[in-house]
Amino acid sequence: MQALILAGGKGTRLRPLTVYTPKPIVPICNRPFLLYQIDTLRRAGVTDITLSLSYQPEKIEQQLGDGSEFGVKLKYTVESQPMGTAGAYKFAEDLIREPTVVFNGDVLTDLDLKTVIREHKDRNALATIVLTPVEDPSAYGVVETESDGRVRRFLEKPKPDETTCKNINAGTYILEPKVLDLIPPGVSHSFEYGLFPKLLEKGELFFAHIPQRTYWMDIGTPARYLQAHLDLLANRVTRIHIKNRRGTFDSATHAEIDELSMIADECTIKPGAQIINSVLGRGCYIEERARIENSVIWSHTRVGTLAQVSNAIIGRGCHVGRSTIVGPGAVLGDKTSLTDYTKMGSS
Ligand code: GDD
Ligand code: MG
């Protein structure tokens, strides 16, 4: 078994965070996102992994290298133009010899991949797709199934009147190499609108796997990116444990840092500051009596005296002025500077 991670999207919905950092390596609790997917694959014994890139590929390669640091072998393919999800898989054809686990490169999950692989083999499937239930499926691909687990219908981004089904495509597939013959070469092609409907039309053995009690989050919007952090901090992701909530940093005796928060190395937290249920990246500087709650702050950002940050995401190297309020929903791109007393977000 080998793996292909689709990590070539532009991450437009995560802007401004993805202006300087491609979505696959945005930090999640201070680790590049793709490392969580690499962990999932390694746990299932899959170590031959190809990253399918297009947007800012050099930044991703620079961070992850040949994978030896993470116990896997990484290879890269780089499309000059995004080829679509299935097009990206076809583009990697030369590297694919075995059944392949394909991941959408923006899903945080504690999926038990070994079980999915076993089920795929037991059923002799040509393709297996993992599903997850969601409240509102309109932003996803809905997958209707038969009682024996075969896929009946695949509907990408459905309108409310098109289906009542709440099971969606979780962005994990197992594909037999024969599937490559069904994808046209050299053109943009999508799993969602192209290959999957074609598998159904041809009556191929296309099965769904619905895992039990599994955490699942597409981190591709700021709200969901923040939610993934709050879920990890609260230990709601059963099989992913956050290690090292405390790096080596300077903290005044009179600062309050709750147990849930995660503070990276080289931070400075001044007297009277409060850090509640939040993540601070390396080298942040939090001035006196500033309060940070339910928020994610990337490395080397400074938050001024008496500033309040709540339910917000702040990029790298920002400066939040004195007594500034950064409220719910605010997302500041790298190097933003907010003048003292600024008020933003709905707080
Ligand atoms: N290499 C490459 N080339 N990767 C791509 C391309 C491409 O042309 N287009 C998209 N990707 C990658 C993205 O980087 C992302 O990791 C993944 O493919 C899915 O693309 P998104 O743009 O995030 O799609 P989505 O979230 O709207 O919908 C997809 O994911 C949902 C689950 O999160 C679909 O697969 C839905 O059916 C699914 O429910
Ligand atoms: Mg997505």
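Just so you know, ligand 1 is whichever comes first in the structure, and atom 1 is the first atom listed for that ligand. Basis for what follows: all heavy atoms, side chains included, without hydrogens, waters or symmetry-related copies.
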Exercise. Can you tell me the protein heavy atom closest to atom 11 (N) of ligand 1 and the distance?
Worked result: G9 N, 3.7 Å
Problem set entry | Element-labelled atoms of ligand 1 that are located less than 4.0 Å from some non-hydrogen atom of A88 | 1 (N), 2 (C), 3 (N)
Exercise. Can an N or O of L6 be found at a distance shorter than 3.5 Å from an N or O of ligand 1?
Worked result: yes
Exercise. Numbering the atoms of ligand 1 from 1, which are under 4.0 Å from a heavy atom of E192?
Worked result: 34 (C), 35 (O), 37 (O)
Exercise. Under 3.5 Å between some N or O of ligand 1 and some N or O of D218?
Worked result: yes
Seminar exercise, completed: heavy-atom search around atom 4 (N) of ligand 1 in the protein gives G8 N, 3.1 Å
Problem set entry | D218: its N/O/S atom lying closest to the Mg ion (ligand 2) (atom name) | OD2
For this session: Examine F154 against ligand 1 and note whether any of their N/O atoms are separated by less than 3.5 Å.
Result: no
Exercise. Is there a donor-acceptor pair closer than 3.5 Å between any side-chain N or O of H229 and the backbone N or O of C29?
Worked result: yes
Exercise. Which residue and non-hydrogen atom of the protein lie closest to atom 9 (N) of ligand 1, and at what distance in Å?
Worked result: T85 CG2, 4.3 Å
For this session: Considering the heavy atoms of P82, write down every atom of ligand 1 situated less than 4.0 Å from one of them.
Result: 7 (C), 8 (O)
Seminar exercise, completed: Output for pair (T115 OG1, Q212 CD), nearest 0.5 Å, gives 10.5 Å
Exercise. Any N/O of M83 closer than 3.5 Å to an N/O of ligand 1?
Worked result: yes
Problem set entry | Nitrogen or oxygen of D106 less than 3.5 angstrom from that of ligand 1 | yes
For this session: Please work out which of the three classes, parallel, tilted or perpendicular, describes the rings of Y140 and W216, given edges at 30° and 60°.
Result: perpendicular
Problem set entry | Option whose closest heavy atom lies nearest to atom 17 (C) of ligand 1, chosen from L53, L131, N169, N104 | N104
For this session: Test the R31-Y36 pair against the cation-pi criterion, namely NZ or CZ under 6.0 angstrom from the six-membered ring centroid and within 45° of the ring axis.
Result: yes
Seminar exercise, completed: In terms of its nearest heavy atom to atom 25 (P) of ligand 1, the top option of M217, K157, E156 is K157
Problem set entry | Heteroatom proximity flag, Y140 to ligand 1, N/O under 3.5 Å | no
Exercise. Is the backbone N or O of T214 less than 3.5 Å from a side-chain atom of T238, with the two atoms forming a donor-acceptor pair by type?
Worked result: no
Problem set entry | Protein contact of atom 7 (C) of ligand 1 - nearest heavy atom, named by residue and atom, plus distance | G84 N, 3.6 Å
Problem set entry | Rounded distance (nearest 0.5 Å) linking atom CG of L53 with atom CG of L6 | 10.0 Å
Exercise. Can you tell which of K23, R224, Q37 makes a side chain to side chain donor-acceptor pair (under 3.5 Å) with D106?
Worked result: K23
Problem set entry | D106, N/O/S atom nearest the Mg ion (ligand 2) | OD2
Exercise. Which of the atoms of ligand 1 are close to Y173, meaning less than 4.0 Å from one of its heavy atoms?
Worked result: 35 (O)
For this session: May I ask whether atom 20 (O) of ligand 1 is less than 4.0 Å from at least one protein heavy atom?
Result: no
For this session: Go through ligand 1 atom by atom and flag the ones less than 4.0 Å from a non-hydrogen atom of W216.
Result: 32 (C), 33 (O)
Exercise. Who gets closest to atom 1 (N) of ligand 1 by heavy atom: K23, H189, E79?
Worked result: E79
Exercise. Within the structure, does A170 bring an N/O atom to less than 3.5 angstrom of an N/O atom in ligand 1?
Worked result: no
For this session: For R289 and Q274, indicate whether the former's side chain and the latter's backbone hold a donor-acceptor pair under 3.5 Å.
Result: no
Problem set entry | Check: R150 side chain, G203 main-chain N or O, donor-acceptor pair, under 3.5 Å | yes
For this session: Locate the shortest heavy-atom distance separating K75 from L95; write the atom from each residue and the value.
Result: CD-CD2, 4.0 Å
Exercise. Judging by distance only, is a nitrogen or oxygen of G141 under 3.5 angstrom from one on ligand 1?
Worked result: yes
For this session: For atom 24 (O) of ligand 1, grab the closest protein heavy atom and report residue, atom and distance to one decimal in Å.
Result: R13 NH2, 4.0 Å
Exercise. Between D110 and R239, is there a donor-acceptor pair closer than 3.5 Å when you use the side chain of the first and the backbone of the second?
Worked result: yes
Problem set entry | Close-contact set for ligand 1 against A7 heavy atoms, below 4.0 Å | 4 (N), 14 (O)
Problem set entry | F154 and F196 aromatic ring geometry - parallel, tilted or perpendicular at 30°/60° bounds | tilted
For this session: Nearest 0.5 Å please: distance from the OG1 atom of T342 over to the CZ atom of R322.
Result: 13.5 Å
Exercise. Rounded to the nearest 0.5 Å, what separation is found between the CD1 atom of I49 and the CG atom of L41?
Worked result: 4.5 Å
Problem set entry | D265 side chain vs R282 backbone, donor-acceptor pair below 3.5 Å | no
For this session: Give yes if a backbone or side-chain nitrogen or oxygen of A139 is under 3.5 Å from a nitrogen or oxygen of ligand 1, and no if not.
Result: no
